[in-house]
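So that the names make sense, note that chain A is the first sequence line, chain B the second, and so on, each numbered from 1.
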Amino acid sequence: MPELPEVETIRLGLSKKIIGLKIKGVEVIQPKSFLGDSKRLQGRKVLKVWRRAKILGVELTPSLRAKRSNPNSEIASLPSAPRNDVVLLFHLKMTGQLIYDNGKRFIGGHPTPDMLKALPNSHTRVIFTFSNGSKLYFNDQRRFGWVKVMQSEELRVQNLFGRLGPEPLEKGFTWQILKNNLLRHKNMPVKVAILDQAVVSGIGNIYASEACFDAGIDPRTKVGQMIDEQFKALHSGIVKSLKAGIKYGGATRAHFVDAEGRKGYFLDYAYVYGKDKKPCKVCGSEIKKIQLGGRGTFFCPACQG
DNA sequence: TGCCCCCTGCAG
DNA sequence: CTGCAGGGGGCA
């Protein structure tokens, strides 16, 4: 599902629900979806839910007892042995879902067909149970996504985030940085280039088309041919589209639901994605769909010249 | 820098 | 049946 706004939508929802809860058990239904040792999560409390690019992190309390597997090791004998901290990571890839269920999912809302779907279902890969009896379901039809248990030290060593470009909604993301990073791909169509997570992190196929539309740039434009005005417009288009995505609760094409199982409505707002053959909301011309870098790309030939 | 692949399921 | 789907790693 999930591009930055969808993952952020889940993060916002999950933060409200699971912070302070203690993990009682983890049921791994699909071992391929789970990396690391699920037993290490037992008894830990949720401290924080964060996001980097399209990765969601759940920070957990350190274990009180130090590792005892090797009591004679140098580390174990140190007075301040590294705390056995653990972080739970999620990547939802194309069809992942993270749905929290405390038995009250439908209260106060209008249940959608998705919400009414019983959990667990045939796409449920992992189930987390908290000590208050509530559950968190990781569903993933295509099984591209993963759940991973890591220590922050492993995280550092593996440099999982080392190749990621700037967070587009944070202060350090300027049009000049966008330009510099994009210029590593002078020959690439700009829409394909902004999908490179090293250029800017969090953009996916929906928001790439939308950002180009907002900037008035033809998605086929080679990065090397762009002028500063266009880099500025694209920067603004990226920020604007992503913020709109969060505002509308994410984009639901087929699978995306938030932490409570609700769809997102960004695609009602969207100008071009999925609007193939429909009139442009701005000028009335017909929206076109083409393939770029192997992926569907939508644009208005009149507005994006 | 462009393919193929990981998978499942739905629309045409 | 074929093609396509919010991602991205690995390979020539």
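- For the pair A/Lys289 and C/dA5, the criterion of a side-chain N or O lying under 4.0 Å from OP1 or OP2 is met.
- Closest heavy-atom contact between A/Val192 and A/Gly293: CG2-N, 3.9 Å.
- Within the structure, a side-chain polar atom (N or O) of A/Tyr273 is placed less than 4.0 Å from OP1 or OP2 of C/dG6.
- Here A/Lys186 does not reach the OP1 or OP2 of B/dT1: none of its side-chain N or O atoms lies under 4.0 Å away.
- The distance between atom CD1 of A/Ile194 and atom C1' of C/dG7, rounded to the nearest whole Å, is 15 Å.
- Nucleotide C/dT2: paired with B/dA11 (Watson-Crick or G-U wobble, both distances less than 3.5 Å).
- Across the interface with DNA chain B, nearest-nucleotide mapping of A/Asn187 and A/Arg253 shows A/Asn187 to be the residue nearer the 5′ end.
- Of all nucleotides listed (C/dG6, C/dG8, C/dC4), C/dG8 comes nearest to the side chain of A/His91.
- Across all strands shown, A/Arg184 has heavy atoms under 4.0 Å from sugar-phosphate atoms exclusively, and none from any base.
- With rounding to whole Å, A/Leu92 atom CG is found 16 Å from B/dC6 atom C1'.
- Applying the 4.0 Å criterion to OP1 and OP2 of C/dG8, one finds that A/Lys93 has every side-chain N and O outside that range.
- Judged by ring centres under 5.5 Å apart and planes tilted less than 30 degrees, A/Phe144 fails to stack against the six-membered base ring of B/dC7.
- Distance from the side chain of A/Glu6 is smallest to C/dG6 among C/dG6, C/dG8, C/dA5.
- One interatomic measurement links the two molecules: NZ of A/Lys191 to C1' of B/dG2, which rounds to 15 Å at whole-angstrom precision.
- Counting to the nearest Å, the C1' atom of C/dA5 and the CG atom of A/Asn205 are 9 Å from each other.
- Base pairing annotation: B/dT1 forms a Watson-Crick or G-U wobble pair with C/dA12, both donor-acceptor distances under 3.5 Å.
- Side-chain contact check for A/Thr129 and A/Lys135: at least one donor-acceptor pair (N or O, by modelled atom type) lies under 3.5 Å.
- With both ends at atom C1', the span from C/dC1 to B/dC6 equals 22 Å, rounded to whole Å.
- Among C/dG6, C/dG8, B/dC7, the nucleotide with an atom closest to any side-chain atom of A/Gln197 is C/dG8.
- The interatomic distance linking A/Tyr248 (OH) with C/dG6 (C1') rounds to 19 Å, in whole Å.
- A/His255 has no side-chain polar atom (N or O) that falls below the 4.0 Å cut-off from OP1 or OP2 of C/dG6.
- Using a 4.0 Å heavy-atom criterion, one finds that A/Gly296 contacts the sugar-phosphate atoms exclusively.
- Rounded to a whole angstrom, the distance from the P atom of C/dG9 to that of B/dG9 is 24 Å.
- Taking the six-membered ring for Trp and the full ring otherwise, A/Tyr265 and A/Tyr248 have centroids separated by 6.0 Å or more.
- Under 3.5 Å, the side chains of A/His255 and A/Gln141 contain a donor-acceptor pair of N or O atoms.
- Dense packing is recorded around NZ of A/Lys281, with more than 12 heavy atoms of other residues, nucleotides or ligands lying under 6.0 Å away.
- With C/dG6, C/dA5, B/dG2 as the candidates, the nucleotide lying closest to the side chain of A/Gln291 is C/dA5.
- For C/dG9, the base is anti relative to its sugar; the glycosidic angle deviates from 0 by more than 90°.
- Atom-to-atom, CZ of A/Phe161 to P of C/dG9 comes out at 12 Å; the value is rounded to the nearest Å.
- Comparing B/dG9, C/dG8, C/dG6 against the side chain of A/His123 picks out B/dG9 as the nearest.
- When the C1' atom is compared between B/dT1 and C/dG6, the two are found 23 Å apart, to the nearest whole Å.
- Of the candidate nucleotides C/dG6, C/dG7, C/dA5, C/dA5 has the atom lying nearest to any side-chain atom of A/Arg142.
- Just one of A/Glu3, A/Arg253, A/Lys191 meets the side-chain hydrogen bond (donor to acceptor under 3.5 Å, both in side chains) condition when paired with A/Asn205; it is A/Lys191.
- The number of heavy-atom neighbours closer than 6.0 Å to CZ of A/Arg163, taken from other residues, nucleotides and ligands shown, is 12 or below.
- Between the CG atom of A/Leu267 and the P atom of C/dG6 there is a distance of 10 Å, rounded to whole Å.
- Here B/dC7 presents its P atom at 18 Å from CG of A/Asn139, a figure rounded to the nearest Å.
- A donor-acceptor contact under 3.5 Å is not formed by the side chain of A/Arg295 with the base of C/dA5.
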